[in-house]
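Data first, discussion second: the structure below is written as structure tokens.
Lettering follows sequence order; numbering is per chain, from 1.
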There are 2 protein chains.
Amino acid sequence: MSLFLSSYENRLDTKGRISVPASFRSSVMGENFQGVVLYRSFTNDCIEGLSMSRMEKLASASDQMGVFDTELDDLSAMLFADARPLQFDVTGRIVIPEDLLKHAGIKDTAVFVGRGNSFQIWNPSAFKEAQNKSMGNLRKLRPNLKIVSGN
Amino acid sequence: MSLFLSSYENRLDTKGRISVPASFRSSVMGENFQGVVLYRSFTNDCIEGLSMSRMEKLASASDQMGVFDTELDDLSAMLFADARPLQFDVTGRIVIPEDLLKHAGIKDTAVFVGRGNSFQIWNPSAFKEAQNKSMGNLRKLRPNLKIVSGN
DNA sequence: AATTATTTTATGGTATATCATGGTTTATTA
DNA sequence: TAATAAACCATGATATACCATAAAATAATT
């Protein structure tokens with residue numbers, strides 16, 4: 001499974017359909033579930049996205065840990081209850097459920113934001129704001145920030 | 001076997017019949033028992049649900065451990081005694097036994113809640129309450145909560 | 001490098017199938 | 001035979017499969 005990288009701004013049509021960026025689709029290529037899993041972010045006003053294979057990994061992890069870790073149990077419970085498996089149509093679109101759109105404040109345009117093993121879907125202006133904010137935080141905390149270079 | 005994901009609110013008809021969500025049905029597709037196994041939750045006022053194949057896995061697991069762990073033995077004994085195998089009808093409905101409904105306080109509407117490898121059936125308002133509670137727990141314990149990212 | 005051709009991708013609209021739900025009839029069994 | 005449960009049939013709402021076009025990106029050609 002390849003990574004979710006870069007950002008793409010796409011439009012929703014009248015039925016709430018939206019194209020998943022082609023590069024995001026290809027990172028799910030070869031898996032048996034041709035689609036993504038979405039859920040409302042617990043921490044931000046945005047939608048979180050995962051591949052089904054990753055979701056399955058989380059399931060087996062929480063299966064084994066759950067007995068001992070009630071916190072993790074709460075977490076995974078919320079996650080699985082909220083998670084929406086959404087299959088691509090022939091042209092690579094999904095329809096994002098109403099409550100998810102509402103949670104992210106998305107109306108007619110959305111940004112898909114790569115996050116490596118996952119991705120997020122944002123209202124475009126909300127994303128810019130959040131981005132500025134975290135950029136500000138970075139500058140504040142690390143005036144001489146350098147990206148680690150390593151092979 | 002695919003995962004039980006998302007939540008679905010369905011209605012019971014006058015005979016106690018209720019549609020098992022199509023996506024839950026499809027996660028049992030291909031198994032020889034076309035239905036689910038239900039039992040009263042030990043920890044919550046709700047009904048627990050499993051596929052038959054998973055029930056069988058639990059059986060063999062407790063077979064191996066049970067000899068040494070009397071607690072686990074008691075637990076699995078209760079589980080097997082209480083478990084009800086319920087076959088789908090042609091349209092994908094089941095009738096949930098009276099005592100299970102009573103235990104979960106379900107009257108005319110129920111929510112099927114995905115939990116990964118299992119699911120639960122709740123009274124809608126009771127579920128909302130429980131969900132708020134565990135969300136509260138999470139925020140309290142982990143203000144900077146992040147979903148596990150790893151392999 | 002500029003232009004054209006070809007493929008991929010995004011978007012819009014319509015038709016079809018699926019699903020949840022209700023009702024009716026036939027079998028079971030107490 | 002009355003009561004109960006299982007099989008059968010019907011339907012409105014909704015989602016998804018299908019078809020068509022526009023825009024963009026890539027490749028090919030001059």
For [X] and [N], what is the distance between atoms [atom1] and [atom2] respectively, to the nearest whole Å?
{"X": "A:R93", "N": "D:dT16", "atom1": "CZ", "atom2": "C1'", "result": "11 Å"}
{"X": "B:I94", "N": "D:dA7", "atom1": "CD1", "atom2": "P", "result": "15 Å"}
{"X": "A:F88", "N": "D:dA15", "atom1": "CZ", "atom2": "C1'", "result": "17 Å"}
{"X": "B:R17", "N": "D:dC9", "atom1": "CZ", "atom2": "C1'", "result": "11 Å"}
{"X": "A:Q87", "N": "D:dA15", "atom1": "CD", "atom2": "C1'", "result": "12 Å"}
{"X": "B:R84", "N": "D:dA5", "atom1": "CZ", "atom2": "P", "result": "13 Å"}

Can the ring centres of A:Y39 and A:F80 be said to be less than 6.0 Å apart?
no

Can you list the steps and then say if B:R40 with B:D45 is a salt bridge (Lys or Arg N to Asp or Glu O under 4.0 Å)?
CA-CA 8 Å; B:R40 289 170 294 177; B:D45 292 341; over 6 Å; no

Kindly compute the distance separating CG (A:L38) from OG (A:S118), expressed to the nearest 0.5 Å.
11.5 Å

Under 3.5 Å, is there a donor-acceptor pair between the B:Y8 and B:S19 side chains?
no

With sugar-phosphate meaning primed atoms plus P, OP1 and OP2, does [X] contact a base, only sugar-phosphate, or nothing at under 4.0 Å between heavy atoms?
{"X": "A:D89", "result": "nothing"}
{"X": "B:T91", "result": "base"}
{"X": "A:R11", "result": "sugar-phosphate"}

Atom CE of residue position B:M78 - does it have more than 12 heavy atoms of other residues, nucleotides or ligands inside 6.0 Å?
no

CD of A:E129: more than 12 outside heavy atoms within 6.0 angstrom?
no

Need to verify one output field. Residue with the more 5' nearest nucleotide on DNA chain C, A:S19 or A:K15?
A:S19

List, one per line, each side-chain donor-acceptor pair under 3.5 Å for residues 100-111 of chain B, sequence neighbours excluded.
{"from": "B:H103", "atom 1": "ND1", "to": "B:C46", "atom 2": "O", "distance (Å)": "3.4"}

Hey, where on DNA chain C does chain A first and last touch, going 5' to 3'? Cut-off is any atom under 4.0 Å from a heavy atom.
C:dT9 to C:dT14

Evaluate side-chain contact (heavy atoms from CB on, under 4.5 Å) for A:L58 paired with A:L79, printing each intermediate quantity in order.
CA-CA 10 Å; A:L58 290 180; A:L79 181 72; 3.7 Å; yes

On a heavy-atom basis, the closest approach of A:V37 and A:A83 is CG1-CB, 3.6 Å

In short, the helix from C:dA1-D:dT30 to C:dA30-D:dT1 is bent end to end, axes from five pairs each side, to 10°, by 40°

